[in-house]
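Step one of this worksheet: look at the structure below.
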2 protein chains.
Amino acid sequence: MASVSKENYLKIIFYLKQHDVKPVSTSEIANELEISNAATSEMAKKLSESGLISYKKYKGIDLTPKGKKVALGVIRKHRLWELFLANVLGLSWAEVHDEAEKLEHISSEKLIDKIDEFLGFPEFDPHGDPIPKKNGKLPKLTGLVKLSEGKVGGIYNVIKVNDLDNELMNYLTRIGVKLYKQIEIVEKLIFDKSIIVKIDNHNINLSEKIANSIYITQLKNAELN
Amino acid sequence: MASVSKENYLKIIFYLKQHDVKPVSTSEIANELEISNAATSEMAKKLSESGLISYKKYKGIDLTPKGKKVALGVIRKHRLWELFLANVLGLSWAEVHDEAEKLEHISSEKLIDKIDEFLGFPEFDPHGDPIPKKNGKLPKLTGLVKLSEGKVGGIYNVIKVNDLDNELMNYLTRIGVKLYKQIEIVEKLIFDKSIIVKIDNHNINLSEKIANSIYITQLKNAELN
DNA sequence: TTTTTATCTTAGGCTTGCTTAAATTAATTA
DNA sequence: TAATTAATTTAAGCAAGCCTAAGATAAAAA
C-alpha cells in the first residue's frame, strides 16, 4: 500500500502527463505539490525502486502501468467522493475538493464500491471530469453540449458546470441544478436567448450566460419520458 | 489541530477513564494502542505541554477539559461514520469499525454535521453506544430493554444489538434488523419463548436467544401508529 | 565549442512517532 | 526498614518526508 505522500506524487504525475507527452520533471511535481525539488528527487528514487515510476536521473519521470493503476485508483476515489459529498450530503461545490483530497487516501476499495453503487455507477464528477471505472477505464466525454444548444422538449442530464464563478455555482445549487440532475427544456426565448427549463417540476428561466455554463448530455431514453 | 496519533491517544485515555476513577497509566495506554511504554511516556509529555492532559511523572494521566473535548469530538466522528456506513452505504457491521477508525481523523466538522443531519441527529451508533452531540454532551442510555421484554402490539426502535456473534449479526442484517429500525411485536409464543415481529411489513419469528440480543426503546409516539 | 545559466541531485539536518536497552522510581515483600 | 521486583522514564537510534545549502549535470548563449 502506497503512503498518502506517494499516492499524491503518483496522482500529480498522472495529471501532468495528460497535457504533455514528455516525461514529467521533478521541478514540475515540486511546483504542484508546493514542496522542494530536493524532496521530489528523493521520492522519485523511492517510487522508482517500488516500480511505480520509471525514472532516470536528470531525465524526468513516467508512470509505469503499476503506477498508473495506483494513480487512477486514487482519482477514482477522489471523484466518487466529490460527487457523493455534493449530491448526497449537500456540501457546496467549493468544499468537496478539499474533503475528497483527504478521503481518497483512506477509503477501502469496498467502501468506494459501495459509494459507486449508491450513486448508480456515475461516469462524471461534479466538475464534469470522468470517474475511472473499477477496472481503470476512463469514460470518454462524448457529445458534450451546452444547455443553450439543447432542443425544446428535450430532457437532458447535467454533466458539467463551469465552476469559474463561485456566485454562479451557488445560484445553481440553490435552484437545484446539480450533476446528473434531469432538466427539460420547456421553451427558448428568442429576444434575449434565455431558456425556460423544468427542474424538480418547477419552471425556471435561465439567462443566456447561465445556459452557456451548463453542459448536458441527452438521456438515452429521453423518448420514453 | 491534533495529529492522528494524538487523537488516538486522547480517545483511548477517554475510554480507559470511563471504567476507572484513577488516573490512566502509560502502560495501559501502551497496551491498548499496541505500542511501547516508552512511546507513551514521550507522548504524555507532549500532550501535557499542549494542555490536553494533566500528567505527573510516574503518577498517571487525566484528560483536561480541553483534551476531553477533543476526545469526544473524535468519538462523535467515529460513531456517526459507523452508523452512516452501516445504514446508508450498507457496509457490514464487522467492517464499519476499521473504516471509521480512519475517517474519524480526517473529516471536517462541517462534513460530520452534514452526516449528522442526514441521519436525523441520531443518539446511538450501530453498537448502541451513544453519539456525542456537537456540544460534547453524551446521550444517556435510559430504558434499555431487551426485545424479549417488549409488549405485544408495541412498536419499538432497535437501539443496540449484541455483536458478540458475527453469524448472528449477519443474520439480523439479512432480515432487516438494523439500528433505528422500527419493530412491532406481533405475538409472543409461550411454548418456546420466541417472538413474532413485524419488520418492513413482513412477519418474522425470532428465537428467544435472538430476542435477548436485540435491545429496544419505546418510540415516543408509539400510540400514534 | 566554451562559458554561463538554469535545472536537478546529493548531503546534512529537522520533526514525528516509533523501537530497544538502560536507568530510575515506586511498590512489594521479607 | 531494607531489599527485591515491577512499573515507568530516559537515552540512543531508525524511517518517512520534509527542509536548505552545496555540488553536479544539462541547456542556452556567446
Side-chain angles (χ1 to χ4, degrees), chain A residues 1-14 16-17 19-63 67 70-71 74 101-102 104-106, chain B residues 1-14 16-17 19-63 67 70-71 74 101-102 104-106:
Chain A
M1 205 63 226
S3 67
V4 171
S5 283
K6 289 191 172 114
E7 287 187 348
N8 278 331
Y9 275 95
L10 295 172
K11 194 178 63 169
I12 289 296
I13 295 167
F14 180 88
L16 290 171
K17 268 299 272 192
H19 308 298
D20 209 328
V21 192
K22 289 180 297 185
V24 178
S25 72
T26 48
S27 57
E28 281 176 279
I29 297 169
N31 258 331
E32 286 294 322
L33 295 176
E34 297 187 295
I35 56 174
S36 69
N37 287 8
T40 310
S41 275
E42 239 175 35
M43 184 59 94
K45 224 184 296 171
K46 290 181 194 167
L47 291 173
S48 178
E49 278 162 16
S50 317
L52 293 161
I53 63 171
S54 62
Y55 166 61
K56 289 268 187 286
K57 277 203 260 183
Y58 297 100
K59 298 292 181 189
I61 292 167
D62 281 295
L63 288 178
V70 174
V74 175
E101 203 69 19
K102 294 174 285 173
E104 67 189 10
H105 303 294
I106 55 120
Chain B
M1 206 63 223
S3 68
V4 171
S5 283
K6 291 194 173 108
E7 287 188 347
N8 278 329
Y9 275 95
L10 295 172
K11 193 178 61 169
I12 289 295
I13 296 167
F14 180 88
L16 290 171
K17 268 298 273 192
H19 307 298
D20 210 327
V21 192
K22 289 180 297 184
V24 178
S25 72
T26 49
S27 57
E28 282 176 278
I29 297 169
N31 258 331
E32 286 296 321
L33 295 177
E34 296 186 296
I35 55 174
S36 69
N37 287 7
T40 310
S41 274
E42 239 175 34
M43 184 58 95
K45 223 185 298 174
K46 289 181 194 165
L47 291 174
S48 177
E49 278 162 17
S50 316
L52 294 161
I53 63 171
S54 61
Y55 166 61
K56 287 272 184 290
K57 276 203 261 181
Y58 297 100
K59 298 292 181 188
I61 292 166
D62 282 295
L63 288 177
V70 174
V74 175
E101 203 69 18
K102 295 175 285 174
E104 68 189 11
H105 302 294
I106 55 120

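Here is the naming used below: chain letters follow the sequence lines, and residue numbers restart at 1 for every chain. These values consider heavy atoms only, across backbone and side chains, with no hydrogens, waters or symmetry-generated copies.
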Side-chain donor-acceptor pairs under 3.5 Å in residues 41-63 of chain B, sequence neighbours left out?
residue	atom	partner	partner atom	Å
S50(B)	OG	K46(B)	O	2.9
D62(B)	OD1	K17(B)	NZ	2.7

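- Of all nucleotides in DNA chain D, those with any atom nearer than 4.0 Å to a heavy atom of chain A start and finish, going 5' to 3', at dG17(D) to dA26(D).
- Scanning DNA chain D for stems, defined as runs of 3 or more consecutive Watson-Crick or G-U wobble pairs whose donor-acceptor distances all fall under 3.5 Å, gives the following ranges: C:1-30 with D:1-30.
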Taking protein heavy atoms under 4.0 Å as touching, what does nucleotides 6-16 of chain C look like 5' to 3' if B marks base contact, S marks sugar-phosphate-only contact and - marks none?
--BBB-B----
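- A search for side chain to side chain contact (heavy atoms under 4.5 Å, CB included) contacts involving A38(A) returns S36(A), not counting sequence neighbours.
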Could you pull out all donor-acceptor pairs under 3.5 Å where a side-chain atom in residues 22-35 of chain A meets a protein atom, sequence neighbours excluded?
residue	atom	partner	partner atom	Å
S25(A)	OG	S27(A)	OG	3.3
S25(A)	OG	E28(A)	N	3.2
S25(A)	OG	E28(A)	OE1	3.2
E28(A)	OE1	S25(A)	N	2.9

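- Rounding to whole angstrom units, NE2 of residue H105(B) and P of dG17(C) are separated by 12 Å.
- In plain terms, the two heavy atoms of A39(B) and Y9(B) that are nearest each other are O-OH, 3.7 Å.
- Side-chain contact between I106(B) and E101(A) is absent, with no heavy-atom pair separated by less than 4.5 Å.
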